[in-house]
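Everything below concerns the one structure shown next.
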Amino acid sequence: MADTMLQETRVLVVVAPSFNIATTMGFIDPLRAANYLDGSGHFKWEFASEAGGSCTSSNGASIWTRALSEVAASEVDIVVVSASWAPEKHATDRTEKALRNWARRGASMIALDTGAFILAQAGLLRGRKATVHYEHIDAFQELFPDVEVVENLFVLDGNRITCCGGGASVDLGLQVLQGLHGSALANAAARYVFHDTLRGPANRQQPDGAEPLGATVPAKLRLAIQAMEANLEDPLPVPEICKVVGISHRQLDRLFAVHVGKTPALYYRDIRLDRARGLVTQTRLPLAEIAIASGFASQVHFSRSYKDRFGLPPSVDRVEGRVPFEFRAWPMHRNPKDRDG
């Protein structure tokens, strides 16, 4: 993003059905605040979708959009692609062609949440660094090996910008505002929308330290979880994890019981299954490969464990999981015994 002061920055937000409306508006709101506080039209934006008309977000709220065919020839400075569930369904030839045309004409391309899947499918992230919501990182890596994926809040790679979504879109909006109009206006806009700390591209999606609600996770527990997350394909035996962390099996059991509400073995199994579910519903990898990639030597054991956790076998979830999650999906679509630990 250039540092030049522009009279008006034209922003086009392309949304896909079931997009995250909070993420999308979080990006726009600092720009709105800047216009208001400075009494000037620094930014102008409009919303588009492939079909146009009303586009329903993942929480059921809708916004009115212009059809992509109506805006494809528009001169814009920034194109924002906002998607959430099943982004592969919305990476159509028409959408990809429009995005490539805007990129060729020099627009900065921004992706929110799983919008990076659509940019990557259009060939606009090849050889670049990018991020997506942590739940989709494994699938993104499998589908687009020519993109370097990192688990950061957002990534600035020239005029290709990707953001994991959620509250990080506010940080990105403020970063864009600061790059175009300086720190004074960005600070004023941050105060106006009550965003008291500006996180940058170096911030990770899941930082170490205190939990969001203030409780601090013990260092030994965090080390154990990190060891598990680093060994999903070839799971470590729990006694080996205890050696890595430097505590007894009984101490590890106690830490997980108090802070997680599950045994170490059950927690380890569940995070492997969570990885598997992302690959099942977001890629076309054979289920046998997914079982191995998630640390299950037996596909029968994998399918049984998967159904026990999510309530349906992976073969069924591969079909139903591609439907936008209309209040039926994980984590609600689980057996009560799993929710209770």
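For the numbers below, each heavy atom of this structure counts, side chains included, while hydrogens, waters and symmetry mates do not. In this text the structure is predicted, and so the values were computed from the model without any measurement. Numbers here are sequence positions counted from 1.
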[X] [atom1] to [Y] [atom2] distance, which is reported to the nearest 0.5 Å:
| X | Y | atom1 | atom2 | result |
| --- | --- | --- | --- | --- |
| Leu99 | Lys97 | CG | NZ | 12.5 Å |
| Gln178 | Leu185 | CD | CG | 10.5 Å |
| Ser18 | Asn59 | OG | CG | 10.0 Å |
| Glu8 | Asn35 | CD | CG | 8.5 Å |
| Ile118 | His90 | CD1 | NE2 | 7.0 Å |
| Thr23 | Ile28 | OG1 | CD1 | 12.5 Å |

Exam field: side chain [X] to backbone [Y], donor-acceptor pair closer than 3.5 Å:
| X | Y | answer |
| --- | --- | --- |
| Asn203 | Leu153 | no |
| Asn20 | Ala22 | yes |
| Ser303 | Gln299 | yes |
| Arg66 | Ala48 | no |
| Thr162 | Ala111 | no |
| Gln121 | Ala91 | no |
| Glu289 | Pro286 | no |
| Asp38 | Ala34 | no |
| Ser294 | Ala291 | no |
| Thr131 | Val150 | yes |

Test side chain to side chain contact (heavy atoms under 4.5 Å, CB included) on Arg250 and Asp253; report intermediate values, then the result. CA-CA 5 Å; Arg250 179 175 295 179; Asp253 283 344; 5.6 Å; no
Does the plane of the ring in [X] sit parallel, tilted or perpendicular to the ring in [Y]? Use 30° and 60° as the thresholds.
| X | Y | answer |
| --- | --- | --- |
| Phe296 | His301 | perpendicular |
| His42 | His181 | tilted |
| Phe144 | Phe140 | tilted |

Lys/Arg-Asp/Glu bridge criterion (N-O < 4.0 Å) met for [X], [Y]:
| X | Y | answer |
| --- | --- | --- |
| Asp171 | Arg199 | yes |
| Arg105 | Glu75 | yes |
| Arg309 | Asp274 | yes |

If Ile, Leu, Val, Met, Phe, Trp and Tyr residues are connected whenever their side-chain heavy atoms lie under 4.5 Å apart, and connections chain through other members, are [X] and [Y] in the same group?
| X | Y | answer |
| --- | --- | --- |
| Met109 | Val71 | yes |
| Leu119 | Val13 | no |
| Val149 | Leu285 | no |
| Val80 | Ile21 | yes |
| Leu124 | Val176 | no |

Going by distance alone, is a donor N or O of one side chain under 3.5 Å from an acceptor N or O of the other, for [X] and [Y]?
| X | Y | answer |
| --- | --- | --- |
| Glu46 | Ser74 | no |
| Ser84 | Ser58 | no |
| Asn101 | Arg104 | yes |

Is [Y] close to [X] at the side-chain level, that is, under 4.5 Å between some pair of heavy atoms?
| X | Y | answer |
| --- | --- | --- |
| Cys164 | Asn152 | no |
| Tyr268 | Thr263 | no |
| Leu266 | Arg269 | yes |
| Leu236 | Met228 | no |
| Pro17 | Ser49 | no |
| Tyr306 | Val316 | no |
| Met25 | Arg32 | no |
| Phe302 | Ile290 | yes |

Could you report the tightest heavy-atom contact between [X] and [Y], atom names first, then the distance?
| X | Y | result |
| --- | --- | --- |
| Leu252 | Cys242 | CD2-SG, 3.7 Å |
| Val280 | Arg318 | O-NE, 3.0 Å |
| Ala130 | Val147 | CB-CG1, 3.8 Å |
| Phe19 | Cys55 | CE2-O, 3.8 Å |
| Ala189 | Leu177 | CB-CD2, 3.5 Å |
| Ile161 | Leu156 | CG2-CD2, 3.6 Å |

Verify the neighbour count for atom CG of Asp93: are there more than 12 heavy atoms of other residues, nucleotides or ligands below 6.0 Å? no
Quick one: do Thr95 and Val81 satisfy side chain to side chain contact (heavy atoms under 4.5 Å, CB included)? Show the steps, please. CA-CA 10 Å; Thr95 296; Val81 181; over 6 Å; no
Quick check: His259 with Tyr267 (ring centres under 6.0 Å apart)? no
Check step by step if side chain to side chain contact (heavy atoms under 4.5 Å, CB included) holds for Cys163 and Ile110. CA-CA 8 Å; Cys163 174; Ile110 295 179; 5.6 Å; no
Apply side chain to side chain contact (heavy atoms under 4.5 Å, CB included) to Val260 and Leu221, showing your working. CA-CA 9 Å; Val260 181; Leu221 175 59; 4.1 Å; yes
